[in-house]
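First listed ligand is number 1; within each ligand, the first listed atom is number 1. What you see is a predicted model; the values in this text were computed from it and never measured.
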Amino acid sequence: MKLATIGVGNAGSKLIDRMIEFEVETGRNLCRHALVINTARTDLAKPQNIPEDRRVLIGDTHHKARGHGVGGDAEIGAEVARTDIDEIRRVFDDVEIHEVDAVLVAAGLGGGTGSGAAPVVIEEIQKMYDEPVYGLGVLPGKYEGGRPALNAARSLQSFVTKVDNFIAFDNDAWRSRGQTIEQGYEEMNEELATRIVTLLAAGEVDESEVGENAMDSSDIMRTLEVGGVSSIGYASTELAPAKQGLLSKFNESDQPESESTDAAKIKGLVRRAVNSRLTVPCEISSADRALIVFAGPPEVISRKGVESAREWLENAADTVDVLAGDDPRPDSSTLAAVVLLSNVTETPRIDEIQSQAVDAQNKIREQDAVREEEIQSLITDDDDDLDPIV
Ligand SMILES: Nc1nc2c(ncn2[C@@H]2O[C@H](COP(=O)(O)OP(=O)(O)OP(=O)(O)O)[C@@H](O)[C@H]2O)c(=O)[nH]1
């Protein structure tokens, strides 16, 4: 697939930057255009793979932003994006939209810029183009507290109703102990970039390498077109240095193994992808459609294995809509299986965020009411004898 990518806010921009890095490292060709949008000048300077003229600062004339971010306020995030929409449109105008299959908009949903500005940006792109728009959104960890949960729950509604599909990443599920927050984010961004790029870059191979089993971009788009929230699973295996063809490459031993062993390994890889940590934990059987991409040297991808892996996933996801195909990478030293579970409707973390958000909203309303009363009581004398000057 060929993408135009837009990172909104700090997390969104870092994710797009990391995707491009992974794409370059692995010789893929996915992000044809990249743009980052932020309300904080310092964060806008962070990406290393985004040209200067593709970085847009919004809200620098807004009295509550002024180039320093919106401090977690999603309403202001949305407001500054609306105010500066012409600037965003102008930069996006340079995108040769006929060169891409879709637009991907990434954001962290817990902050003010990503959660507030990204839905405004999505709306604008949809007015300008007919291409599908996909969302890539990071759900805040529970430990971050009520405000990020409230931003995320509200922004999720805007995202999911607007985009053609929303791929979720759950910071809670990917948090590891004994790391600083920044180290944790770096690792998470790498894991997410690996999954997204391995999945979406399939179908962009050199014409000469296209085999009949190659995944096509239209298969990926078909799987995503059902809308809703999606999750991605991933597993990979290192291949032994190429010796004499297929079996010796898969197994380190020189003993040739039977085709059924190779098939079992392919199926095992897919089971591992689905049963290990998904980008957002979910009930697999609640998926509407699913798709498997095998990225690696074509000669190690056993057809029998692909077929039995596909059948296994059809049962596990309880859907007849499971596609499987290859992303041939002849020189790769790994074989990866990436599984897209599209429109999963049972994701406990989203329920949790919603209830944390409702609690936070109630608390904020109560505090607002109490604060007003307390200020009044503080500035009013006991018998209310005094009047203000103006
Ligand atoms: N996975 C991941 N999550 C991140 C990263 N940085 C921030 N987050 C998450 O994204 C949320 C939003 O943070 P930012 O992206 O910094 O916020 P913003 O959208 O720029 O908005 P403001 O800072 O309020 O202007 C946080 O609450 C975290 O949950 C990152 O590098 N990786």
Side-chain angles (χ1 to χ4, degrees), residues 6-22 36-50 55-60 62 64-81 84 105-122 135-156 158-159 167-176 179-196 232 277-280 349-350 352-353 356-357 360:
I6 306 179
V8 187
N10 190 24
S13 305
K14 283 194 274 177
L15 278 171
I16 299 297
D17 197 45
R18 193 66 189 87
M19 278 171 59
I20 296 173
E21 199 174 317
F22 180 77
V36 291
I37 300 170
N38 213 326
T39 55
R41 193 174 278 109
T42 45
D43 289 342
L44 209 53
K46 287 181 192 165
Q48 293 177 352
N49 303 285
I50 314 282
R55 303 176 191 205
V56 184
L57 179 67
I58 54 170
D60 57 333
H62 190 286
K64 287 194 177 164
R66 295 204 190 281
H68 301 298
V70 296
D73 192 324
E75 298 292 345
I76 300 178
E79 194 182 311
V80 300
D84 288 352
V105 178
L109 267 49
T113 306
S115 67
V120 176
V121 170
I122 290 165
L136 174 62
V138 177
L139 305 176
K142 191 172 181 191
Y143 56 92
E144 291 187 54
R147 172 65 72 178
L150 180 56
N151 284 342
R154 294 181 64 208
S155 186
L156 185 70
S158 308
F159 257 98
I167 299 169
F169 183 86
D170 175 22
N171 273 359
D172 235 16
W174 286 83
R175 190 181 176 212
S176 4
Q179 280 178 323
T180 64
I181 292 183
E182 269 318 308
Q183 284 167 340
Y185 282 162
E186 250 172 59
E187 225 172 273
M188 290 180 202
N189 296 351
E190 185 181 336
E191 296 283 358
L192 181 54
T194 303
R195 282 155 182 76
I196 292 285
I232 300 174
R277 210 163 12 169
L278 298 169
T279 55
V280 64
R349 182 73 194 117
I350 291 180
E352 265 175 37
I353 287 178
Q356 201 181 358

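For the residue pair Gln179/Ser176, the side-chain donor-acceptor check at 3.5 Å is satisfied.
Annotation for Asn189 and Leu15: closest pair OD1-CD2, 3.7 Å, computed over non-hydrogen atoms. The shortest heavy-atom contact between Glu144 and Tyr185 is OE2-OH, 4.1 Å. The heavy-atom pair separating Ile353 from Pro140 by the smallest distance is CD1-O, 4.1 Å. When all heavy atoms are compared, the tightest approach of Gly7 to Ser13 is O-OG, 3.7 Å.
For atom 17 (O) of ligand 1, the candidate residues are Pro140, Gly111, Ala74; the nearest heavy-atom contact is made by Gly111. Summarising the contacts of atom 10 (O) of ligand 1 with Gly59, Gly145, Ala11, Ser13, the nearest heavy atom is found in Ala11.
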*asked:* Evaluate Leu139 against Asn171 for side-chain contact (heavy atoms from CB on, under 4.5 Å), listing each step before the verdict.
replied: CA-CA 6 Å; Leu139 305 176; Asn171 273 359; over 6 Å; no
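For ligand 1, the atoms lying closer than 4.0 Å to a non-hydrogen atom of Thr113 are 18 (P), 19 (O), 20 (O), 21 (O), 22 (P), 24 (O), 25 (O). Short contacts between ligand 1 and Val70, defined as distances under 4.0 Å to a heavy atom of the residue, involve ligand atoms 24 (O), 25 (O). Near Thr39, meaning under 4.0 Å from one of its heavy atoms, ligand 1 places the atoms 25 (O). Listed by atom number, the atoms of ligand 1 under 4.0 Å from Asn10 heavy atoms are 14 (P), 15 (O), 16 (O), 18 (P), 20 (O). Close contacts between ligand 1 and Gly72 involve ligand atoms 24 (O) [criterion: under 4.0 Å to a heavy atom]. Of all atoms in ligand 1, listed by their number and element, those nearer than 4.0 Å to a heavy atom of Asn189 are 1 (N), 2 (C), 30 (C), 31 (O), 32 (N). Close approach to Gly9 involves these atoms of ligand 1, each under 4.0 Å from a residue heavy atom: 19 (O), 20 (O). Residue contact check: Val138 has heavy atoms under 4.0 Å from atoms 1 (N), 3 (N) of ligand 1.
For ligand 1, the polar-atom distance check against Gly112 finds a nitrogen or oxygen pair separated by under 3.5 Å. Residue-to-ligand polar distances place Gly114 within reach of ligand 1: an N/O pair is separated by less than 3.5 Å.
Contacts with ligand 1 closer than 4.0 Å are made by side-chain heavy atoms of Glu144 only, the backbone lying farther away.
A salt bridge links Asp170 with Arg349: the distance from a Lys NZ or Arg NE/NH1/NH2 to an Asp or Glu carboxylate oxygen falls below 4.0 Å. One finds no salt bridge joining Lys64 and Glu75 here, because no Lys/Arg side-chain nitrogen approaches an Asp/Glu carboxylate oxygen to under 4.0 Å. The pair Lys46-Asp43 meets the salt-bridge criterion, with a side-chain N (NZ, NE, NH1 or NH2) lying under 4.0 Å from an Asp/Glu carboxylate O.
At the top of the distance list for atom 1 (N) of ligand 1, counting protein heavy atoms only, stands Asn171 OD1, 2.9 Å. Summary of contacts: the protein heavy atom closest to atom 31 (O) of ligand 1 is Lys14 NZ, 2.7 Å. For atom 30 (C) of ligand 1, the nearest non-hydrogen atom of the protein is Tyr185 CG, 3.3 Å.
Checking atom 6 (N) of ligand 1 against the protein gives a heavy-atom contact under 4.0 Å.
Heavy atoms of other residues, nucleotides or ligands lying less than 6.0 angstrom from CZ of Arg55 number more than 12.
Thr279 contributes a side-chain N or O that, together with a main-chain N or O of Ile232, makes up a donor-acceptor pair within less than 3.5 Å.
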